[in-house]
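Not measured: the values here are computed from a predicted model. Because only heavy atoms are used, hydrogens play no part in the values below, and waters and symmetry mates are left out as well, while side chains stay in.
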Amino acid sequence: MAEPVYLLIGGAGYFGARLAEDLAQRGRVVITGRRRSPARDRWLARQVGRITWQFYDAAETSRLPAETDYAAVFNLATPGAAEAAAQPETARQQALTTVEQALHLVTTGRARRLIHFSTFHVYGAPSPETPRTWYGEDDPPTPTHPYGLVHAACEARLAEAALPSVLVVRPTNLVGRPAHMDLGPQQRLIFLDLCRQVVTQRALTLLTDGLAYRDFLPIPAALAAIHCLLDAPSWPRQCHLAAGQAMTLRTLAERIQQVAARQYQWEVALTTGNRTDAFRVPFHVDTTTLRRLGWSPPEEAVLDAEIAATLAGFQTVTE
């Protein structure tokens, strides 16, 4: 049997690079991106023969690589929140261009499956008067930010295509050790920012009161979920990629604080601000689809291990 080949559109970023490393254990991986850098080149050099890079930018009318057939295509290339906020229509058009090209690979038989990474942000910010405590897998998008609107438009196009080999996943916050340190705007994600603060400042500062809730899924658990989906004989139209139960930002900061104390014997002070943030009540995210496929939510040790590895990564960079 021929070795499977996977195409990761936008696969050089924070989660994409970890996914590429993981899929390289199953087959060859082609990732696309808009730019190279010394950090990304050093990472690619360590993956020689398993992961290759090709240029793709929806803004420059370039085409997705189609020199071979793909066991699966992963679309992680939707413009980020800052890009969507700055130029909503441009971001929407670029995202839809990539969706169309990915669908073309499926409809022409060049790709057996397409996994499109949407976002939990399609649900928008909850109403302070009637906060949600449950997010079901079949809940419709109710975006309130341009970033969510762009993703909702992509979901609508994929739903219109109605192909059984297309799956939309809505990840919450995927957290863990970066594969490389060129993370672009994603370096400002709360998990990475807090870990970096610990290493560079021996302190943790939350600008908010830390009482808002978020669902954090360690990357190894997300990768395990991807394996379950790839091995499944058939797919639903969409599913969540989530831990299932949210925690406060303060709880996350305290977990990082505790791991730093165990790993380095650092006494890290935690300071919170007086700003408030959305998601003020605990909530759950439905993960029924993944559970039916044999996936289990991660143990607490999985998150601690990713915190430890992330601290070690930042420590190496600062030495």
Side-chain angles (χ1 to χ4, degrees), residues 8-11 13-16 32-34 56-61 64 73-104 114-163 166-174 184-190 208 212-217 222 236-242 246 276-280 283 285-286:
L8 274 63
I9 311 168
Y14 176 36
F15 176 69
T32 74
R34 292 186 291 187
Y56 170 73
D57 185 350
E60 297 188 5
T61 63
L64 289 174
V73 173
F74 296 78
N75 183 17
L76 302 108
T78 306
E83 291 177 88
Q87 295 183 300
E89 183 54 28
T90 298
R92 177 177 174 277
Q93 290 300 327
Q94 291 179 7
L96 288 172
T97 294
T98 301
V99 166
E100 291 296 342
Q101 292 204 37
L103 281 173
H104 181 72
L114 167 62
I115 298 182
H116 174 85
F117 275 69
S118 183
T119 174
F120 187 73
H121 289 282
V122 295
Y123 296 122
S127 164
E129 292 76 23
T130 55
R132 297 176 65 172
T133 59
W134 173 256
Y135 291 85
E137 291 184 309
D138 294 325
D139 289 352
T142 52
T144 55
H145 184 276
Y147 181 60
L149 288 166
V150 168
H151 276 283
C154 293
E155 288 193 11
R157 175 64 188 97
L158 292 164
E160 180 185 62
L163 296 172
V166 174
L167 169 66
V168 172
V169 296
R170 292 172 174 169
T172 53
N173 297 277
L174 308 184
Q186 292 178 313
Q187 66 182 327
R188 293 192 291 272
L189 294 173
I190 185 67
T208 68
Y213 286 80
R214 298 290 187 275
D215 179 285
F216 294 103
L217 180 64
R237 188 172 63 87
Q238 63 191 32
C239 71
H240 287 134
L241 196 56
T276 59
D277 201 357
F279 298 95
R280 303 293 292 182
F283 64 85
V285 184
D286 187 8

Peer 1: Report yes if the side chains of His116 and Val99 come closer than 4.5 Å at any heavy-atom pair, otherwise no.
Peer 2: yes
Peer 1: Can you give me the closest heavy-atom contact between Pro146 and Ala84, atom names plus distance?
Peer 2: CB-O, 3.4 Å
Peer 1: Just checking Arg280: does its CZ atom have more than 12 heavy atoms from other residues, nucleotides or ligands closer to it than 6.0 angstrom?
Peer 2: yes
Peer 1: Looking at every non-hydrogen atom in both residues, tell me the closest pair between Glu137 and Cys239 and how far apart they are.
Peer 2: OE2-CB, 3.5 Å
Peer 1: Okay, side chain of Ser118, backbone of Val169: is any donor-acceptor separation there less than 3.5 Å?
Peer 2: no
Peer 1: With rounding to the nearest 0.5 Å, note down the distance linking CG in Asn173 to NE2 in His121.
Peer 2: 6.5 Å
Peer 1: Do you know which two heavy atoms are closest between Leu174 and Ala222, and how far apart they sit?
Peer 2: CD2-CB, 4.1 Å
Peer 1: Answer whether the closest heavy-atom distance between the side chains of Leu158 and Leu114 falls below 4.5 Å.
Peer 2: yes
Peer 1: Can you list the residues that meet the ring-ring contact (aromatic ring centres under 6.0 Å, His included) rule with Phe117, with sequence neighbours excluded?
Peer 2: Phe15
Peer 1: Salt bridge or not for Arg157 and Glu100, using N-O below 4.0 Å?
Peer 2: yes
Peer 1: In sequence, state the C-alpha distance, the side-chain angles, and the governing distance for Gln101 and Ile9, and then conclude on side-chain contact (heavy atoms from CB on, under 4.5 Å).
Peer 2: CA-CA 10 Å; Gln101 292 204 37; Ile9 311 168; over 6 Å; no
Peer 1: Are His240 and Thr172 packed together at the side-chain level, in the sense that at least one heavy-atom pair is separated by less than 4.5 angstrom?
Peer 2: no
Peer 1: Please step through side-chain contact (heavy atoms from CB on, under 4.5 Å) for the pair Thr78 and His151, ending with a clear verdict.
Peer 2: CA-CA 7 Å; Thr78 306; His151 276 283; 3.5 Å; yes
Peer 1: In Å and rounded to the nearest 0.5 Å, what is the CG to CZ distance from Leu241 to Arg170?
Peer 2: 12.5 Å
Peer 1: So how far is it from Asn75 CG to Leu8 CG, rounded to the nearest 0.5 Å?
Peer 2: 9.5 Å
Peer 1: For Tyr135, which residues count as a ring-ring contact (aromatic ring centres under 6.0 Å, His included) partner, sequence neighbours excluded?
Peer 2: Phe120, Tyr123, Phe283
Peer 1: Once you round to the nearest 0.5 Å, how far does CD of Glu155 lie from CD of Gln238?
Peer 2: 6.0 Å
Peer 1: Side chains of Ile190 and Phe216: does their closest heavy-atom pair fall under 4.5 Å?
Peer 2: yes
Peer 1: Minimum heavy-atom separation for Ala278 to Ala125, with atom names?
Peer 2: CB-CB, 4.4 Å
Peer 1: Do the charged groups of Asp277 and Arg214 touch, with an N to O distance under 4.0 Å?
Peer 2: yes
Peer 1: How long is the span from the CH2 atom in Trp134 to the CG atom in Asp139, to the nearest 0.5 Å?
Peer 2: 9.0 Å
Peer 1: What I'd like to find out is whether the side chain of Val150 reaches to under 4.5 Å of the side chain of Glu83, using heavy atoms alone.
Peer 2: no
Peer 1: Do you see a donor-acceptor pair shorter than 3.5 Å between the side chains of Glu89 and Gln93?
Peer 2: yes
Peer 1: Which pair of heavy atoms, one from Leu96 and one from Ala153, lies closest together, and at what distance?
Peer 2: CD2-O, 3.8 Å
Peer 1: Give, for atom CD of Gln94 and atom CD of Glu60, the distance between the pair rounded to the nearest 0.5 Å.
Peer 2: 9.5 Å
Peer 1: Which heavy atom of Pro236 sits nearest to which heavy atom of Leu167, and what is that distance?
Peer 2: O-CD1, 3.4 Å
